[in-house]
Amino acid sequence: MEKNDHWSEEANCRTADPEDLFGPSSDQKRAKSVCNDCVARIDCLAEALDNRIEFGVWGGMTERERRALLRRRPHVVSWRHVLKKAGPVLAAAHEDELRVTRVRA
């Protein structure tokens, strides 16, 4: 699996205010919208999971969501591999999440 070390140059958040992405956990659900339709989303999330980054929104997941995922799958060695393999499934899940969010709003 090829690693994209320059994913952050393509990310939607490259021009975002860091305070929005690394603010209090109560604001992180709103901050996740920056990740919608981001071409770097999988690489970003893999970076956070593989390196156990504890703070902020990465790849559309809050710190709480990432911790829960890491607890459920403690033996994953390369999240990049898992996420790339699950790409189409993740895309479909993301679309479902967007529909639910629109219905609630």
Side-chain angles (χ1 to χ4, degrees):
M1 191 74 30
E2 185 176 323
K3 183 177 179 183
N4 179 3
D5 289 327
H6 304 288
W7 61 264
S8 62
E9 296 170 6
E10 303 167 356
N12 289 354
C13 64
R14 70 186 174 280
T15 58
D17 182 351
E19 290 293 322
D20 293 339
L21 299 172
F22 294 94
S25 59
S26 59
D27 294 338
Q28 289 183 358
K29 284 191 177 193
R30 193 169 0 113
K32 290 180 359 173
S33 66
V34 172
C35 305
N36 292 347
D37 302 320
C38 181
V39 298
R41 186 174 185 172
I42 289 175
D43 289 309
C44 177
L45 181 55
E47 177 85 12
L49 293 169
D50 285 342
N51 294 297
R52 306 302 195 256
I53 297 174
E54 296 183 22
F55 302 103
V57 173
W58 289 76
M61 291 186 83
T62 65
E63 42 201 57
R64 178 176 285 169
E65 292 167 334
R66 290 193 312 277
R67 279 194 303 270
L69 182 57
L70 289 168
R71 277 194 304 273
R72 285 193 307 271
R73 305 274 310 267
H75 301 296
V76 172
V77 176
S78 171
W79 281 98
R80 183 171 319 284
H81 179 73
V82 170
L83 294 170
K84 292 283 185 178
K85 193 173 179 181
V89 174
L90 287 175
H94 177 65
E95 286 301 315
D96 288 343
E97 178 184 337
L98 288 176
R99 277 192 284 281
V100 169
T101 303
R102 287 184 198 120
V103 169
R104 288 183 187 156

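Bear in mind the structure is a predicted one, so any value in this text is a computation, not a measurement.
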Reported [atom1]-to-[atom2] distance for the pair [X] and [Y], which is rounded to 0.5 angstrom:
X     : Y     : atom1 : atom2 : result
Cys44 : Met61 : SG    : CE    : 11.5 Å
Arg71 : Arg67 : CZ    : CZ    : 7.0 Å
Arg41 : Asn12 : CZ    : CG    : 10.0 Å

Would a 4.5 Å heavy-atom cut-off, applied to side chains only, mark [X] and [Y] as touching?
X     : Y     : result
Val76 : Arg73 : yes
Thr62 : Arg66 : no
Trp79 : Leu69 : yes
Gln28 : Glu63 : yes

Task: hydrophobic_cluster_shared for Leu70 and Leu83, side chain cutoff 4.5 Å - done: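 Result: yes, single cluster for both.
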
Open item on the list: When you measure from the side chain of Asp20 to the backbone of Ala31, do you find a donor-acceptor pair of N or O atoms at a distance under 3.5 Å?
Closed with: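 No: the side chain of Asp20 does not pair with the backbone of Ala31.
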
Could you pull out the closest heavy-atom pair between [X] and [Y], with the gap in Å?
X     : Y     : result
Cys35 : Gly60 : SG-N, 3.1 Å
Leu21 : Ala16 : CD1-CB, 4.3 Å
Asp50 : Arg80 : OD2-N, 3.6 Å

Open item on the list: Looking at Arg64, I'd like to know if its CZ atom is crowded, meaning that more than 12 non-hydrogen atoms belonging to other residues, nucleotides or ligands lie closer than 6.0 Å.
Closed with: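 No, the 6.0 Å shell around CZ holds no more than 12 heavy atoms from other groups.
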
Name each donor-acceptor pair under 3.5 Å that joins a side chain in residues 52-59 to protein atoms two or more places apart or in another chain, with its distance.
unit_1: Arg52; atom_1: NH1; unit_2: Leu49; atom_2: O; d: 2.6
unit_1: Trp58; atom_1: NE1; unit_2: Phe55; atom_2: O; d: 3.0

